[in-house]
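As the structure lists them, so they are numbered: ligands from 1, and atoms in each ligand from 1.
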Amino acid sequence: PLSPLPTLHIQYYCVLGSMLLLPRQRCISQAAAKIDVDFDYDGPLMKTEVPGPRSRELMKQLNGIQNAEAIHFFCNYEESRGNYLVDVDGNRMLDLYSQISSIPIGYSHPSLMKLLQQPQNLSTFVNRPALGILPPGNFAEKLKDSLLSVAPKGLNQVVTMSCGSCSNENAFKTIFMWYRNKERGHVGVTKEELETCMINQTPGCPDYSILSFMGGFHGRTMGCLAATHSKAIHKLDIPSLDWPMAPFPRLRYPLEEFVKENRQEEARCLEEVEDLIVKYRKKKKVVAGIIVEPIQSEGGDNHASDDFFRKLRDIARKHGCGFLVDEIQTGGGCTGKFWAHEYWGLDDPADVVSFSKKMMTGGFFHKEELRPNAAYRIFNTWMGDPSKNLLLAEVMNVIKREDLLNNATHAGKVLLTGLLDLQALYPHLISRARGRGTFCSFDAPNDATRTKLIAIARNKGVVLGGCGDRSIRFRPTLIFRDHHAHLFLNIFSDILADFK
Ligand SMILES: Cc1ncc(COP(=O)(O)O)c(C=O)c1O
């Protein structure tokens, strides 16, 4: 069913020079077509509206068992390949959302399929171990092949977990234990501490806090939720903790026009961070750690400058707080660097970096200094899944072999340039186009328009995601190439031209 890629002729209008509007032809070179993976489809193919009749029927069925209102449509993963997601009604869509940013190298990648067919790997998929106590013989070796091969500079320790929330939750615990140990002066614990921790009292359970940012998203478990401030629906009815929340910069675009204003805005937020640390120390709710996303993703793709993050790191160090960078959405190469925080050029690395999604397994890297001082302190039954490490090791090979970080930079540039062109033409529909690598987004004028644009795009064969209160985000796989960007821009420019 896979036909060779056609040469695509993409026509949309762009602004050249001083507001001169000209039609522009964008042609995909043969070279671009040649490097394409042969398992990808050659374009969207739509048969019904999405969700189609079969999806609707299945939604009704599932809704009888659980609240299934979040479901967009049901999928046929056997037929999904490369950048294309196929649904149960036979619609084939260019997927720019990739399972909430969690598919690294596309659907049904042949290298991963092959891995599963190798007899020596079968037992890893069948026998899921309690990794913390009974790991397989090749566990350390596979961690070296996969996660440790991309460990952020200065972080040589890694712990695997099963999802993003679980990773941050355990990263918080790691920071608290490290902080308490520092405070104690690395001496043994007292009888009082051992007794009081059993009844949720100090000093056994110290009144420590983690400072987070408004608009941040770090997961939905109880501790993570206390650091999450993106949407009310995530937090409603759940008891929480009195932990400090600092404002995150709200940058004005285009960045080059608002250099002074944005610098002032970032300085304001950093000042607030320091004030909160001091205030919470006075309240005896010491800030043991700071958590931050390199780009606030769920909260609306909010960016800050590299300088902001360098200064934030300095503040964390100055006050003795652990610095936790949540790379769960930004990590894995989509920004053009393996970790988005590599752009900051930190002198002193982060203390902890959490990951999940495109990394196939959850977990976190940390400095040796933060190693727990006893067994079972950071622990759960599964501690991840070795079959995911096996897949991840192969994903790493593909990323290197196909130079996918440079691909993300290149395809991202095509995508963002196109979005900026469209923004110039349709400023009433698109504003604040922004991004790093393929991790791009723009704002619609309001939530209703955003929702409508996503729905129209889906019916035209493009899956997009929303974030924040009115942003549309791009989270394609790492095998999203220039011609996929052109294909999307072509479809989307038609949508914008016809939008009523
Ligand atoms: C930055 C960030 N942190 C944490 C999480 C939570 O991960 P999970 O949904 O796997 O628990 C997410 C999920 O979207 C995320 O984007």
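For Asn389 and Ser146, the side-chain atoms include no donor-acceptor pair closer than 3.5 Å. The closest side-chain donor-acceptor pair between Thr409 and Asn406, if any, does not fall under 3.5 angstrom.
Atom numbering of ligand 1 starts at 1 in the shown order; those under 4.0 Å from a heavy atom of Gln329 are 14 (O), 16 (O). Against a heavy-atom cut-off of under 4.0 Å, Asp326 is close to the following atoms of ligand 1: 1 (C), 2 (C), 3 (N), 4 (C). Under a 4.0 Å criterion applied to the non-hydrogen atoms of Gly219, ligand 1 contributes the atoms 4 (C), 6 (C). Contact atoms of ligand 1 toward Glu293: 1 (C) (distance under 4.0 Å to a heavy atom of the residue). Near Cys163, meaning under 4.0 Å from one of its heavy atoms, ligand 1 places the atoms 10 (O), 11 (O). Annotation for ligand 1: atoms under 4.0 Å from non-hydrogen atoms of Ser165 are 6 (C), 7 (O), 8 (P), 11 (O).
Counting non-hydrogen atoms of neighbouring residues, nucleotides and ligands closer than 6.0 angstrom, the NZ atom of Lys367 exceeds 12 such neighbours.
In this structure, Tyr376 has its ring center closer than 6.0 angstrom to the ring center of Phe379. Annotation: Phe492 is in aromatic contact with Phe442 [ring centroid separation under 6.0 Å].
Given atom 10 (O) of ligand 1, the protein heavy atom at minimum distance is Gly164 N, 2.9 Å. For atom 5 (C) of ligand 1, the closest non-hydrogen atom on the protein side is Phe217 CE2, 3.6 Å.
At a 3.5 angstrom cut-off on N or O pairs, Ser356 does not count as close to ligand 1.
Phe474 meets the ring-ring contact (aromatic ring centres under 6.0 Å, His included) test with Phe488; sequence neighbours excluded.
Residue Lys357 touches ligand 1 through its side chain alone, judged by heavy-atom distances below 4.0 Å. Residue His218 touches ligand 1 through its backbone alone, judged by heavy-atom distances below 4.0 Å. Only side-chain heavy atoms of Asn168 come within less than 4.0 Å of ligand 1; its backbone N, CA, C and O stay farther off.
Checked against Asp314 for a salt bridge (Lys or Arg N to Asp or Glu O under 4.0 Å), the options Arg317, Lys311, Lys318 give a single hit: Arg317. Partner Arg313 forms a salt bridge (Lys or Arg N to Asp or Glu O under 4.0 Å) with one of Asp351, Asp307, Asp347 and no other, that one being Asp351.
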